[in-house]
Amino acid sequence: MASKLAVVVLAAGKGTRMKSSLPKVLHPLGGRSLVECVLDSLRDVSPTHRLVVVGYEAEKVKAALSHIPDLTFVPQTEQLGTGHAVQQVIPHLADFDGDVLVLNGDVPLLRPSTLRHMLDMHQTKQNEATLLTAQFMDPTGYGRVFCNDDNVVTEIIEHRDCTEAQRQNRRINAGVYCFQWSALGKILPHLKSENDQQEYYLTDVVKDLSPVRAVDVDDAQEIQGINNRIQLAEAYSILQDRIKDEWMTAGVTFIEPDSTTVDTTVRIEPDVIIEPQTHLRGATVIGSGSRIGPGCLIENTTIGRDVTVLYSTLSDSQVGDNVRVGPYAHLRGQAVVGDNCRIGNFVEIKKSTLGNQVNVAHLSYLGDATLGNQVNVGAGTITANYDGVKKHPTVIGDRTKTGSNSVFVAPVTVGEDVTVGAGSVVTKDVDDDSLVVARAKQTTFPGWRSKRYSTTDDKPSQ
Ligand code: UD1
Ligand code: CA
């Protein structure tokens with residue numbers, strides 16, 4: 001039977017090198033925070049306990065993780081080093097008997113399969129500790145791992161504590177470890193802070209455990225730590241390549257992958273075409289046969305099948321099947337568009353629901369509106385939904401046609417099969433099957449100019 005597993009994620013540090021008021025582990029990477037990425041990489045190891053050590057801006061970190069079930073937050077009120085951070089979990093694991101996987105909260109690119117492999121190695125070799133390592137071309141800043149033969153680790157020395165000769169060792173510590181808790185628990189309380197930073201280093205425990213083995217990762221990019229914004233940008237680009245490769249393998253076309261970004265949290269069906277300069281973010285879903293871009297920003301939006309979206313911004317919205325959007329449309333704040341609709345140039349839709357076969361083809365604003373099916377919204381139609389204090393609803397029934405440049409002063413309800421004259425300002429409810437014209441009547445004065453100037457020398461200029 002596989003032994004029990006507890007996981008400890010270290011997320012208490014400030015991340016001084018980020019030069020940020022946001023705790024390092026909350027910096028976003030492809031739609032999730034760094035620490036969420038780390039928690040996500042645990043998918044294949046099914047731990048019984050998940051402990052997150054929090055300190056700097058602990059409340060913010062807890063709030064950002066509040067949607068994840070079954071996490072235990074362990075406070076580290078003073079950040080005295082990674083060893084000190086793990087010491088804080090001792091009371092929580094008093095009766096625990098099994099292995100403990102410890103991960104730095106700033107290693108967001110780990111693959112679940114890598115952690116699984118490391119844990120298998122740890123358990124089959126019966127190591128007291130196992131750690132992930134890699135050979136880095138530029139190991140600057142990382143702890144160096146020293147081994148004898150058979151990958152048995154003798155010591156880890158931080159970059160700043162290394163001699164020049166020791167720095168030539170390019171084998172680095174990833175900050176990802178497996179321990180037999182019974183062995184680690186005994187030596188953890190005795191750590192010393194005799195190093196350049198006067199911190200309690202978790203890495204010092206390897207001297208007192210045996211055997212400790214290093215597992216080299218196949219893909220060194222996976223264990224890149226994030227200490228500054230340059231490394232954050234590098235990690236983002238690695239993640240982007242991975243995400244787009246996955247979607248291309250699954251049947252999605254990217255016309256120009258390098259100019260396109262896709263969050264981890266996005267889902268794309270096969271036979272979608274993503275055109276250049278398109279950015280898909282948050283909980284976005286794109287249905288098959290759709291063509292998105294060029295030039296789109298789509299965030300937390302569900303798009304149906306066979307939809308085209310061109311040079312447009314969509315957020316927190318829903319679009320049905322076979323809809324054309326753009327160019328230059330803006331859907332936001334719970335815009336819900338039915339099937340077979342056309343949302344054209346310079347149209348903004350906010351918190352509104354449109355039925356099927358609705359056309360809003362040019363220059364309109366619909367806010368807090370509900371439209372039935374087959375409504376034709378004339379060019380320049382506006383819902384005046386805000387009276388300066390409150391927002392009010394507009395309702396427009398099936399098959400109604402609004403004239404160009406009409407304004408609906410909400411709250412107002414317009415029935416089915418209504419025709420609204422161009423330029424109308426509709427302030428009162430309109431019954432089904434009516435024609436409504438609400439504008440000043442046209443007055444024409446025939447021969448006005450010639451009469452006006454016949455008695456004076458004051459002629460209009462040409
Ligand atoms: C650490 C390792 C180093 C390794 C590197 C890999 C130590 C002493 N060094 O160095 O060998 O190569 O990671 O990325 O462990 N944290 C706390 N409490 C603290 C201090 C840190 O929770 O008191 C957390 C941080 O939030 C962070 C993680 O521990 O998520 C690592 O801390 P960091 O300061 O980034 O360690 P490194 O100097 O990168
Ligand atoms: Ca680090």
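As the structure lists them, so they are numbered: ligands from 1, and atoms in each ligand from 1. FYI, the numbering just counts along the sequence from 1.
- Judged purely by atom type and a 3.5 angstrom limit, Ser312 uses its side chain to pair as donor or acceptor with the backbone of Ala329.
- Neither the backbone nor the side chain of Glu199 has a heavy atom within less than 4.0 Å of ligand 1.
- In this structure, atom 11 (O) of ligand 1 is in close contact with the protein, since a protein heavy atom lies within 4.0 Å of it.
- Side-chain atoms of Asn127 and Arg213 form a donor-acceptor pair, as typed in the model, at a separation below 3.5 Å.
- Contact annotation for Asn227 and ligand 1: only side-chain heavy atoms (C-beta onward) come within less than 4.0 Å of the ligand.
- In summary, no N, O or S atom of Asn104 is located under 3.0 Å from the Ca ion (ligand 2).
- Distance check, rounded to the nearest 0.5 Å: CZ of Arg43 to CZ of Arg116 gives 14.0 Å.
- Shortest contact from atom 15 (O) of ligand 1 to any protein heavy atom: Thr82 OG1, 2.7 Å.
- In terms of protein heavy-atom proximity, atom 30 (O) of ligand 1 is closest to Leu10 O, 2.8 Å.
- The protein heavy-atom contact nearest to atom 18 (N) of ligand 1 is Gln76 OE1, 2.7 Å.
- The option from Lys14, Arg17, His84 that lies nearest to atom 34 (O) of ligand 1, judged by heavy atoms, is Arg17.
- Nearest residue to atom 26 (O) of ligand 1 from Gly225, Gly13, Ala85 is Gly13 (criterion: closest heavy atom).
- Atom 13 (O) of ligand 1 has as its closest protein heavy atom Asn104 ND2, 2.8 Å.
- Scanning the protein for heavy atoms near atom 4 (C) of ligand 1, the closest one is Asn173 O, 3.2 Å.
- By the 4.0 Å heavy-atom criterion, Gly81 is counted among the residues contacting ligand 1.
- Here the protein heavy atom with the shortest distance to atom 22 (O) of ligand 1 is Ala12 N, 2.9 Å.
- In plain terms, the two heavy atoms of Arg144 and Gln166 that are nearest each other are CG-O, 4.1 Å.
- Residue contacts with ligand 1, taken as heavy atom pairs separated by less than 4.0 Å, involve Thr203 solely via side-chain atoms from C-beta onward.
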